[in-house]
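Numbered from 1 within each chain, the chains take letters A, B, ... in sequence-line order.
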Amino acid sequence: MNKTTENSGEATKSKNFLEMIIDNDIQKGKNEGRVHTRFPPEPNGYLHIGHAKSICLNFGLAEKYNGKCNLRFDDTNPSKEEEEYVNSIMEDVKWLGFDWEDRLFYASDYFDQLYEWAVKLIKDGKAYVDDQSADLISEQRGVPTRPGIDSPFRNRSVEENLGLFERMKAGEFPNGTHVLRAKIDMASPNMHMRDPVLYRIMHSKHHRTGDKWCIYPMYDFAHGQSDYLEGITHSICTLEFEIHRPLYDWFLDQLIDTDYRPRQHEFARLNLSYTVMSKRKLLELVTEKYVSGWDDPRMPTISGLRRRGYTPEAIRNFADRVGVAKRENVIDVGLLEFSVREHLNKVAPRIFAVLDPLKVIITNYPEGKTEDLILENNPEDPEGGNRVVPFSREILIERDDFMEDPPNKFFRLGPGREVRLKGAYIIKCEDYKKDENGNVTELYCTYDPETKSGSGEMRKVKGTLHWVSEAESVDAEIRIYDRLFMNESPDDLEEGGDFKSNLNPESLKIVKGKIEPSVKNAKPMDKFQFQRLGYYCVDLDSSATKLIFNRTVTLKDTWAKMNK
RNA sequence: UGACCCAUGGUGUAAUGGUAACACAUCUGAUUUUGGUUCAGACGUUUAAGGUUCGAGUCCUUAUGGGUCAACCA
């Protein structure tokens with residue numbers, strides 16, 4: 001429920017659990033009442049709608065509390081990370097409308113400091129070099145219900161550890177032969193506290209530090225300390241890191257001695273129906289060519305949604321509406337679609353496009369005559385202006401706007417029935433022609449010259465159709481996108497099943513449509529409402545010689561619903 | 001034979017211990033030169049059992065259900 005503020009009486013949104021924590025921290029004067037967050041992606045894939053939730057949360061919180069939010073690439077694993085991803089991530093965050101100002105950081109900026117801290121831990125007897133294989137270490141770690149056992153190398157001398165760690169750094173050992181481990185507690189019920197690995201040997205070129213290092217810190221040894229170095233106060237991450245928090249705190253306890261402390265808080269990640277969200281699965285769709293790329297309009301990536309015609313406003317409103325909590329959730333993709341319709345309804349100019357044309361000849365309209373009709377660009381936008389649409393004797397309408405034997409509830413064209421051509425005249429279907437296969441090929445209608453749009457009070461008809469004048473219309477390729485998966489939860493699988501078996505074979509249909517001429521000079525990413533059909537945007541591949549539109553989302557269609 | 005987290009309509013998210021609400025979805029109706037939009041309304045909710053209290057979605061206990069953790073990934 002929305003509360004009212006005591007003094008202003010202004011409606012204010014109720015707070016989520018993170019805001020309550022922050023309020024409390026500020027009240028207690030924690031970290032001088034500062035609020036500083038960060039968005040910490042690993043540059044190993046493209047950002048998706050789930051990241052958008054996190055971005056909106058972190059930057060939004062900073063904004064709300066007059067704080068700051070950093071962009072920090074968590075680049076501690078050079079074998080998976082690439083420059084391409086860094087660039088796409090920066091582009092996506094900017095496009096969403098957020099600004100990290102001069103606070104662009106990389107965990108790799110802190111490799112020197114992290115190394116020193118590792119040395120300190122060794123000197124303090126809190127870390128040791130283990131010469132065992134990954135398999136052996138894993139075996140000794142035990143299982144959650146049974147304690148692990150100590151490594152035989154756990155009690156090496158400080159000098160020996162220092163020497164070995166130095167040699168690891170110097171590149172004397174091949175990958176996998178040694179790791180640096182924290183000395184914590186092999187019997188801890190929390191597996192992450194059973195002497196976690198701090199550094200591993202990885203002879204890989206790093207996208208920023210090049211060949212300077214051949215040992216790289218693990219996530220746990222880098223994240224909290226990076227937060228600390230940046231002055232982060234609230235380090236917000238997803239639920240699966242909850243169990244890492246004791247380790248996050250443990251490192252800080254060993255290494256620093258100030259009143260200032262970052263604190264990790266966890267929230268539930270976003271899940272969306274009819275799609276998958278794991279980077280691994282998205283990567284699989286890309287590399288195995290089930291989609292055209294990370295920015296395929298069917299992908300839940302930010303770049304995919306952008307190409308599909310989503311707007312930053314729509315995504316931010318969506319992120320707002322889904323809320324933040326600690327409970328596992330699956331958001332109905334319908335909410336995302338609602339958000340984009342809501343925004344596009346206000347800003348997208350309306351045009352006529354016929355996707356499956358049926359020719360109509362208006363028999364009593366003069367041959368060779370063309371009228372320029374004036375139509376409103378957007379009834380929702382008083383400043384939207386008008387456009388000119390040509391009308392003539394031979395026009396095209398949508399094939400499903402005619403039925404030979406229509407039911408009563410069908411408000412469109414049928415033998416003897418009348419409809420209004422939007423912005424033009426009322427026409428009546430007098431006759432129609434079929435080919436040898438029984439397909440309707442042409443409609444013969446008459447128009448009533450007294451019913452021209454805008455000429456005052458007149459009789460009403462039940463249906464209104466969109467149309468284009470055949471001679472002036474322009475060709476366009478229309479890419480009709482639908483949900484990528486048929487199944488609400490593509491991840492719900494039988495044992496051994498593959499999520500790709502739930503792919504929707506009809507997620508993309510390409511048709512040749514006819515569009516009113518005002519659209520000739522449309523530029524990539526321009527957005528329109530194809531009246532009565534849906535929202536469409538000009539694709540990146542579109543050109544002056546070949547127009548291509550992507551369907552962003554359909555309009556709500558109560559007629560289609562009635563027929564289900 | 002473990003630790004930690006979570007549990008409110010179909011889906012999400014709210015509710016100083018004091019009338020369980022908001023959005024989406026669904027269904028009615030009105031308006032409409034988009035079967036769009038807008039407007040009005042309806043439907044439907046506290047996992048269970050105990051306890052504390054004048055009063056419990058909220059606090060306590062237990063149970064049940066769900067999730068996370070056993071990469072030299074993040």
For atom P, what is the distance between U62(B) and A3(B), given to the nearest Å?
12 Å
Indicate, with a heavy-atom threshold strictly under 4.0 Å, whether Gln529(A) touches base, sugar-phosphate, or nothing.
base
Side chains of Tyr219(A) and Asn77(A): donor-acceptor distance under 3.5 Å anywhere?
no
Looking at every strand, decide which applies to Tyr199(A) at a 4.0 Å heavy-atom threshold: base, sugar-phosphate, or nothing.
nothing
Could you check which of G35(B), A3(B), U13(B) has an atom nearest any side-chain atom of Trp559(A)?
G35(B)
Would you mind reading off the distance between Glu139(A) atom CD and C72(B) atom P, rounded to a whole angstrom?
13 Å
Nearest to the Val197(A) side chain among C72(B), C4(B), A74(B), which nucleotide is it?
C72(B)
Test item: Val340(A) and Tyr535(A) side chains (from C-beta on) under 4.5 Å apart, heavy atoms:
no
Identify whether any heavy atom of Lys561(A) sits under 4.0 Å from a base atom; if not, whether one sits that close to sugar-phosphate; answer base, sugar-phosphate or nothing.
sugar-phosphate
Touch check for Pro379(A), heavy atoms < 4.0 angstrom, all strands: base, sugar-phosphate only, or nothing?
base
How would you label the contact of Thr558(A) with the nucleic acid (heavy atoms, under 4.0 Å): base, sugar-phosphate, or nothing?
sugar-phosphate
Under 4.0 Å between any heavy atoms, over every strand shown, what does Glu337(A) touch: base, sugar-phosphate, or nothing? Just pick one.
nothing
Is there, by distance only and without an angle test, a donor paired with an acceptor across the side chain of Thr464(A) and the base of U34(B) below 3.5 Å?
no
Using only heavy-atom distances, decide whether a donor-acceptor pair under 3.5 angstrom links the side-chain of His192(A) to the base of A3(B).
no
With a cut-off of less than 4.0 Å, is there a side-chain N or O of Lys80(A) near OP1 or OP2 of A74(B)?
no
When rounded to whole Å, the CD1 to P distance for the pair Ile201(A) and C73(B) reads 12 Å
Between C5(B), A3(B), G36(B), spot the one nearest the side chain of Arg350(A), thanks.
G36(B)
For Asp557(A), which contact category applies under a 4.0 Å heavy-atom criterion: base, sugar-phosphate, or nothing?
sugar-phosphate
RNA chain B: Asp220(A) or Phe411(A), which has the more 5' nearest nucleotide?
Phe411(A)
Distance between the P atoms of G57(B) and U45(B), in whole angstroms?
15 Å
Quick one: does NZ or CZ of Arg38(A) land under 6.0 Å from the six-membered ring centre of Tyr228(A), within 45 degrees of the ring axis?
no
Any Arg532(A) side-chain nitrogen or oxygen under 4.0 Å from OP1 or OP2 of G35(B):
yes
Have a look at Val143(A) and say if it touches a base, only the backbone sugar-phosphate, or nothing, with a 4.0 Å heavy-atom cut-off.
base
Just how far, in rounded Å, is C1' of A74(B) from OH of Tyr106(A)?
17 Å
Looking only at A70(B), A3(B), G36(B), the nucleotide nearest the Pro144(A) side chain is A70(B)
What integer number of Å spans the P atoms of A74(B) and C69(B)?
15 Å
Of the listed A3(B), C72(B), C73(B), the closest approach to the Asn77(A) side chain comes from C73(B)
At under 4.0 Å, does any side-chain N or O of Lys326(A) touch on OP1 or OP2 of U68(B)?
no
Sub-4.5 Å side-chain heavy-atom contact between Ile22(A) and Lys64(A)
no
Side chain of Phe338(A) only, heavy atoms from C-beta on: which candidate in A70(B), G35(B), A25(B) is closest?
A25(B)
With a 4.0 Å cut-off on heavy atoms, is Gln531(A) in touch with a base, just the backbone sugar-phosphate, or nothing at all?
base
N or O in side chain of Thr145(A) less than 4.0 angstrom from A70(B) OP1/OP2
no
Look at Lys326(A) together with Glu242(A) and state whether they make a salt bridge at an N to O cut-off of under 4.0 Å.
yes
Any base atoms under 4.0 Å from Gly534(A), or only sugar-phosphate, or nothing? Heavy atoms, all strands.
nothing
Need one value for Val322(A): base, sugar-phosphate or nothing, where a base atom within 4.0 Å counts as base even if backbone is also close, heavy atoms only.
sugar-phosphate
U11(B) versus G51(B) - spacing of their C1' atoms, nearest Å
34 Å
Residue pair Lys409(A)/Met202(A) against RNA chain B: nearer the 5' end by closest nucleotide is Lys409(A)
Nearest-angstrom distance, P atom, A56(B) to A49(B)
14 Å
Does a side chain donor of either Asn378(A) or Glu380(A) reach within less than 3.5 Å of an acceptor in the other side chain?
no
Rounded to whole angstrom units, what separation is found between the CG atom of Asn345(A) and the P atom of C24(B)?
14 Å
Answer yes or no: does a side-chain N or O of Ser138(A) lie under 4.0 Å from OP1 or OP2 of C72(B)?
no
Would you say Cys537(A) and Tyr310(A) make side-chain contact, with heavy atoms under 4.5 Å?
no
Indicate yes or no: does Arg72(A) engage Asp109(A) in a salt bridge with an N to O separation below 4.0 Å.
no
Ring centroid separation for Phe485(A) and Tyr274(A), is it under 6.0 angstrom?
no
With a 4.0 Å cut-off on heavy atoms, is Glu380(A) in touch with a base, just the backbone sugar-phosphate, or nothing at all?
base
Assign the ring pair Tyr216(A) / Phe111(A) to parallel, tilted or perpendicular, where the plane angle (0 to 90°) is split at 30° and 60°.
perpendicular
For the side chain of Ser14(A), starting at C-beta, report the closest nucleotide among C69(B), A14(B), A74(B).
A14(B)
Say you pick atom C1' in C27(B) and the same atom in U46(B); how far apart are they, in whole Å?
24 Å
Using OP1 and OP2 only, check whether a side-chain N or O of Arg141(A) sits under 4.0 Å from C72(B).
yes
Within the 4.0 Å heavy-atom criterion, would you say Ala325(A) contacts the bases, only the backbone, or no part of the nucleic acid?
sugar-phosphate
Can you say whether a donor on the side chain of Arg321(A) sits under 3.5 Å from an acceptor on the base of U13(B), or the other way round?
no
Within this structure, what is the CZ-to-P distance between Arg420(A) and U33(B), rounded to whole angstrom?
9 Å
Could you measure between the two C1' atoms, the one in A20(B) and the one in G44(B), and give it in whole Å?
13 Å
Check the geometry between Tyr219(A) and A74(B) and answer yes if their rings are stacked (centres below 5.5 Å, planes below 30°), otherwise no.
no
State which of U33(B), C5(B), A3(B) makes the closest approach to the side chain of Lys460(A).
U33(B)
Side chain of Lys422(A) only, heavy atoms from C-beta on: which candidate in A70(B), A74(B), U33(B) is closest?
U33(B)
So, is Ser79(A) close to the C73(B) phosphate, meaning a side-chain N or O under 4.0 Å from OP1 or OP2?
no
For the pair made of CG in Leu533(A) and P in U34(B), what is the distance, rounded to whole Å?
14 Å
Decide, for A71(B), between syn and anti: a glycosidic angle within 90° of 0 counts as syn, anything else as anti.
syn
Would you state whether a donor and an acceptor, one from the side chain of Arg146(A) and one from the base of G2(B), lie under 3.5 Å apart?
no
Using a 4.0 Å heavy-atom cut-off across all strands, classify Gly454(A) as base, sugar-phosphate, or nothing.
base
Can you find a side chain N or O atom of Arg341(A) that sits less than 4.0 Å from OP1 or OP2 on U38(B)?
no
